[in-house]
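For reference, the structure discussed in these notes is given below.
From a predicted model like this one, the values you see are computed outputs, not experimental measurements. Here is the naming used below: chain letters follow the sequence lines, and residue numbers restart at 1 for every chain.
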Amino acid sequence: MAMKNACTVAAAGPRGLRSLFSTLSTNFPFPSQPAANQSQRPQAEPSTNLFVSGTKRTTDEGLRECFAKFGEVVHARVVKDRASGWSKGFGFVRYSTLEEAAAGIEGMDGKFLDGWVIFAEYARPRDSPPPSPPSYANNHYGRQ
DNA sequence: CGTGAGCGA
């Protein structure tokens, strides 16, 4: 039982609520949505691509080891600056199937890793890579 | 007050 993994699943207990119902106990029900469409916010449709945030001090292997407990991680990568090499604070994890991806999200979203909270969500489909180098052929990433 | 809402060379 020697897990050097830093994936110490530490979920904040239901404590911390002190005076939640203070002076705001006036209008209770939801104030009808102000019809303000939320543009393209997070929460994309189910996909094997997972976007994980909170990996400032975590590495690709850390993410992989952490998410591998919920499914078969095909590939895990922590985005970092190519120039300096420091983590940008977020990464991506690709599962083998959508079920595993959902399980990974439900099981890792809002957990602590390396001392930082990590968020697991579906990543956006990236079919428009930055044309930094005009490249010769069109790079086509693997698709299930 | 252990919290950022962020999408990849």
Side-chain angles (χ1 to χ4, degrees), chain A residues 1-25 30-144:
Chain A
M1 295 137 151
M3 283 223 177
K4 61 186 285 185
N5 196 346
C7 188
T8 34
V9 185
R15 60 196 70 197
L17 298 178
R18 241 165 264 262
S19 51
L20 195 65
F21 301 98
S22 294
T23 52
L24 284 178
S25 294
F30 299 168
S32 293
Q33 210 59 16
N37 199 346
Q38 242 118 342
S39 253
Q40 264 188 327
R41 285 277 186 69
Q43 238 91 6
E45 56 184 278
S47 168
T48 54
N49 249 10
L50 256 60
F51 171 82
V52 183
S53 177
T55 59
K56 252 177 200 196
R57 295 200 85 164
T58 312
T59 56
D60 327 337
E61 295 181 352
L63 260 182
R64 187 185 191 112
E65 295 292 314
C66 208
F67 278 76
K69 300 186 300 190
F70 297 92
E72 182 181 358
V73 178
V74 179
H75 183 58
R77 160 194 258 178
V78 173
V79 181
K80 37 187 160 70
D81 189 81
R82 187 171 59 100
S84 57
W86 286 103
S87 178
K88 286 186 180 178
F90 61 91
F92 294 90
V93 176
R94 176 173 290 186
Y95 275 99
S96 180
T97 59
L98 300 178
E99 328 178 305
E100 295 175 334
I105 292 179
E106 295 294 320
M108 289 303 305
D109 178 53
K111 295 295 158 62
F112 274 78
L113 179 60
D114 281 357
W116 288 93
V117 193
I118 65 176
F119 296 105
E121 286 183 357
Y122 295 111
R124 306 172 176 171
R126 183 165 71 96
D127 49 2
S128 261
S132 357
S135 245
Y136 311 92
N138 186 9
N139 290 339
H140 189 252
Y141 288 77
R143 179 175 290 186
Q144 192 174 359

A:Phe92: which of A:Val78, A:Val79, A:Val52 passes side-chain contact (heavy atoms from CB on, under 4.5 Å) =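 Going through the options one by one, the only one that passes is A:Val79.
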
task = Would you say whether A:Phe51 stacks on B:dG6? The test is a distance between ring centres of less than 5.5 Å and an angle between planes of less than 30°.
result =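 A:Phe51 vs B:dG6: stacking no.
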
ask   = Is there aromatic stacking of A:Phe90 against B:dG4, centre distance under 5.5 Å, plane angle under 30°?
value =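 It does not: the two rings, one from A:Phe90 and one from B:dG4, miss the stacking criterion.
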
request  = Give the nucleotide from the list B:dT3, B:dG4, B:dG6 with an atom nearest to the side chain of A:Ser53.
outcome  =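 From the listed options, B:dG6 comes nearest.
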
inquiry  = I want to verify a distance call: between B:dG8, B:dC7, B:dG4, whose nearest atom is closest to the A:Glu121 side chain?
reply    = B:dC7

Using whole Å, report how far [atom1] of [X] lies from [atom2] of [N].
X: A:His75; N: B:dC7; atom1: NE2; atom2: P; answer: 19 Å
X: A:Lys88; N: B:dC7; atom1: NZ; atom2: P; answer: 10 Å
X: A:Ile118; N: B:dT3; atom1: CD1; atom2: P; answer: 16 Å
X: A:Leu50; N: B:dA5; atom1: CG; atom2: C1'; answer: 16 Å
X: A:Arg77; N: B:dG6; atom1: CZ; atom2: P; answer: 21 Å

message = When you measure from the side chain of A:Asp81 to the backbone of A:Ala83, do you find a donor-acceptor pair of N or O atoms at a distance under 3.5 Å?
response = yes

message = Classify A:Lys56 by what it touches in the nucleic acid, base, sugar-phosphate, or nothing, heavy-atom distance under 4.0 Å.
response = base

key: Touch class at under 4.0 angstrom, heavy-atom based, for A:Gly91 against every strand present   =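 Answer is nothing: A:Gly91 stays at 4.0 Å or more from every strand.
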
task = For A:Phe119, check side chain to side chain contact (heavy atoms under 4.5 Å, CB included) against everything at least two apart and list the hits.
result = A:Ser53, A:Asp109, A:Val117

ask   = What pairs with A:Glu61 under side chain to side chain contact (heavy atoms under 4.5 Å, CB included), at least two apart in sequence or on another chain?
value =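 Here the qualifying residues are A:Thr59.
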
query = Is there a donor and acceptor pair, one atom on the side chain of A:Asn49 and one on the base of B:dG8, closer than 3.5 Å?
reply =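 Flag set: donor-acceptor pair detected.
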
